[in-house]
Amino acid sequence: MTSDVGKLPTGFGRLWTAQTVSSLGDGVSHAALPLIALTLTRDPMALAVVTAAGTLPWLLFGVLGGALVDRWDRRRTMWVTDAARTVLLAIPAAAAALDLLSIPLLAAVAFLLGLGGLFFDTAATAYLPDLLGRDPALLERANSRLRGTQTAASGFAGPPAGSALLALGRAVPLLADAVSFALSALLVRSLPAAPRPLPQARESLLRQARAGASYVFRDQLLLGLALRPAVGNIAFLAVETVLALFAHDRLGIGTFGFGLLLTAEATGGLLGAGIASFLGRRLGTGTALTCTAAVEGLAVLGLAAAPNPYVAGLALAVCGAGMGATMVLGPSLRQAIVPAHLMGRVASTSRMLAMCAAPFGAFLGGWLATTYDVRTPLYTAAGLLLAMTAVTSTMTSNRRVEAALRAAAPADEPDHSESLNPDQEGAV
């Protein structure tokens with residue numbers, strides 16, 4: 001493990017620390033915002049508005065945001081965005097201190113934080129290949145570390161910290177998140193400068209955004225990589241929507257036991273992120289992606305049939321491991337093969353597809369549980385995941401992956417025509 005870290009440049013350590021600190025703050029606000037909203041209203045629809053507001057920027061501006069990131073300096077985009085989020089969080093913190101908080105204000109803050117997340121995450125995704133020289137092995141190692149610490153910070157440490165800080169006052173968790181963004185901005189500001197995107201033809205932002213999206217849809221490998229999280233979000237949100245009800249009615253566990261189930265899934269995610277590079281080397285990235293997708297589907301099937309909480313916890317841990325590995329291998333491969341000048345648009349297009357699929361999955365899960373049975377969404381989700389595995393297995397095969405990696409260097413030469421054909425670029 002130590003030798004691997006030594007191969008990563010010093011700048012990665014600062015980026016890793018910045019994203020870890022920021023993820024910790026995200027975990028704090030993820031737990032605190034709904035709880036703060038709960039102090040203002042008991043209306044479920046009002047609470048849903050606050051929760052949904054954070055996802056809207058990806059649905060409304062995902063591809064356009066990627067096009068803007070491809071025009072801007074990536075490092076500057078990251079630190080300016082985090083500095084802006086620091087200032088933004090001071091507004092609800094002040095409102096909380098003055099007892100002026102409201103649901104519309106919280107929803108607006110959630111929306112703007114989500115918009116900042118769109119720009120930061122897209123810029124970070126595009127910056128990392130520049131920092132690591134687009135080396136596939138280094139990208140897998142780096143994404144494994146980033147994913148692992150993100151899960152630990154936002155999934156384990158952040159939410160309980162947010163709940164504890166809220167007990168000190170409604171403004172306290174908001175200020176803690178603001179501090180995390182400020183520290184992240186300072187660390188990112190100190191990173192080495194990446195090459196600026198080369199000037200492109202004078203085209204409209206909309207046309208450039210459309211070119212980036214079409215690049216994904218015309219390329220079998222990139223489309224396969226995008227379909228996995230999109231279909232996965234439908235399946236996983238269908239499960240998540242009814243998981244608490246399933247745990248209570250079918251497994252007979254209470255609030256504490258449900259928290260342990262979620263902890264089991266997060267623990268599996270950490271393990272999956274840690275072994276992703278090993279799986280990629282051992283099986284080949286394409287085969288590894290197919291295997292992790294199959295593992296997710298079988299694990300959800302096991303969850304649906306679980307006779308007791310112990311089997312359910314094991315199934316969720318296995319599912320989390322598959323998800324953790326997939327979320328390292330897929331983005332790492334995308335970063336290695338996509339031309340630098342398209343990286344922001346390709347990343348944001350893939351993320352937008354996943355985000356658009358999530359509400360449909362939540363609706364599907366609720367409808368199936370209401371119409372049939374609480375287990376039905378789980379069986380349906382397992383079927384979707386296994387069908388997706390079969391459909392995308394050839395799209396992301398080892399052969400396609402190896403061909404795309406071989407072609408990555410010539411594909412990244414500075415030919416910045418916006419009508420790029422992925423087959424001509426060599427991204428098979």
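This structure is a prediction, so every number in the text was calculated from the model and none was measured. All values below come from the heavy atoms of this structure, side chains included, with hydrogens, waters and symmetry mates left out. Index from 1, following the sequence.
- Judged by distance alone, the side chain of N398 and the main-chain N or O of L283 form a donor-acceptor pair under 3.5 Å.
- For the residue pair S22 / R85, no side-chain donor-acceptor distance below 3.5 Å is found, with atom types taken as modelled.
- Residues V239 and P377 fail the side-chain proximity criterion, which asks for heavy atoms closer than 4.5 Å.
- Annotation for D82 and A185: closest pair CB-CB, 3.8 Å, computed over non-hydrogen atoms.
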Which pairs would a plain distance check flag for residues 119-129, meaning a side-chain donor or acceptor within less than 3.5 Å of a matching protein atom at least two apart in sequence or in another chain?
| residue | atom | partner | partner atom | Å |
| --- | --- | --- | --- | --- |
| T122 | OG1 | L118 | O | 2.7 |
| T125 | OG1 | D121 | O | 2.8 |
| Y127 | OH | P192 | O | 2.6 |

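- Between the CG atom of L405 and the CZ atom of R400 there is a distance of 13.5 Å, given to the nearest 0.5 Å.
- Annotation: side chain of V109 is not in contact with side chain of I91 (no heavy-atom distance under 4.5 Å).
- The OG atom of S393 lies 10.5 Å from the CE atom of M388; values are rounded to the nearest 0.5 Å.
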Please test F111 against L60 for side chain to side chain contact (heavy atoms under 4.5 Å, CB included), starting from the C-alpha separation and ending with a verdict. CA-CA 11 Å; F111 178 85; L60 299 176; 4.2 Å; yes
Show the numbers, then the answer: is there a side chain to side chain contact (heavy atoms under 4.5 Å, CB included) between L298 and L386? CA-CA 8 Å; L298 293 172; L386 293 173; 4.3 Å; yes
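- You'll find the side chain of I234 stays beyond 4.5 Å of the side chain of F363, heavy atoms only.
- For the atom pair CG (L225) and CD (Q220), the distance works out to 11.0 Å, reported to the nearest 0.5 Å.
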Just do the side chain to side chain contact (heavy atoms under 4.5 Å, CB included) check on L237 and F360 with the steps written out, would you? CA-CA 8 Å; L237 263 293; F360 178 73; over 6 Å; no
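- Side-chain contact check for R207 versus R210: some heavy-atom pair is nearer than 4.5 Å.
- Between the R14 side chain and the S190 main chain, a donor and an acceptor come within less than 3.5 Å of each other.
- The backbone N or O of L139 lies less than 3.5 Å from a partner atom in the side chain of S332, making a donor-acceptor pair.
- In this structure, the side chains of T20 and T17 stay at 4.5 Å or more apart for every pair of heavy atoms.
- With rounding to the nearest 0.5 angstrom, the CZ atom of R281 is 9.0 Å from the CG atom of L279.
- Using a 4.5 Å heavy-atom threshold, the side chains of V179 and L183 count as touching.
- Judged by distance alone, with hydrogens and angles left aside, the side-chain atoms of T392 form no donor-acceptor pair with the main-chain N or O of M395 at under 3.5 Å.
- At distances below 3.5 Å, not a single donor-acceptor pair connects side-chain atoms of R334 with backbone N or O atoms of L222.
- To the nearest 0.5 angstrom, I337 atom CD1 is 12.5 Å from R406 atom CZ.
- Of the possible donor and acceptor atoms, none in the side chain of T41 sits under 3.5 Å from a partner among the backbone N and O of A37.
- Summarising the geometry of G162 relative to A32, their closest heavy-atom pair is O-CB, 4.4 Å, with the distance given to 0.1 Å.
- By the 4.5 Å heavy-atom criterion applied to side chains, T396 and L333 are not counted as neighbours.
- Judged by distance alone, with hydrogens and angles left aside, the side-chain atoms of S144 form no donor-acceptor pair with the main-chain N or O of E140 at under 3.5 Å.
- Proximity of W72 to V80: side-chain heavy atoms (C-beta onward) are nowhere separated by under 4.5 Å.
- Smallest separation of non-hydrogen atoms from L329 and A276: CD2-O, 3.4 Å.
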Trace of the side chain to side chain contact (heavy atoms under 4.5 Å, CB included) decision for L146 with F12: CA-CA 10 Å; L146 289 170; F12 173 74; 4.0 Å; yes
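- The main-chain N or O of W16 is never found under 3.5 Å from a side-chain atom of R145 such that the two would form a donor-acceptor pair.
- In this structure, M355 CE and L56 CG are separated by 9.0 Å, a value rounded to the nearest 0.5 Å.
- Side-chain N/O atoms of D177 and S180 include a donor and acceptor closer than 3.5 Å.
- In this structure a side-chain-to-backbone donor-acceptor pair under 3.5 Å is missing from S184 to Q19.
- The shortest non-hydrogen separation linking E296 to C319 is CG-O, 4.0 Å.
- Remark: M323 CE is packed, more than 12 non-hydrogen atoms of other residues, nucleotides or ligands lying under 6.0 Å away.
- Summarising the geometry of A340 relative to R74, their closest heavy-atom pair is O-NH2, 2.9 Å, with the distance given to 0.1 Å.
- Smallest separation of non-hydrogen atoms from V63 and R345: O-CG, 4.4 Å.
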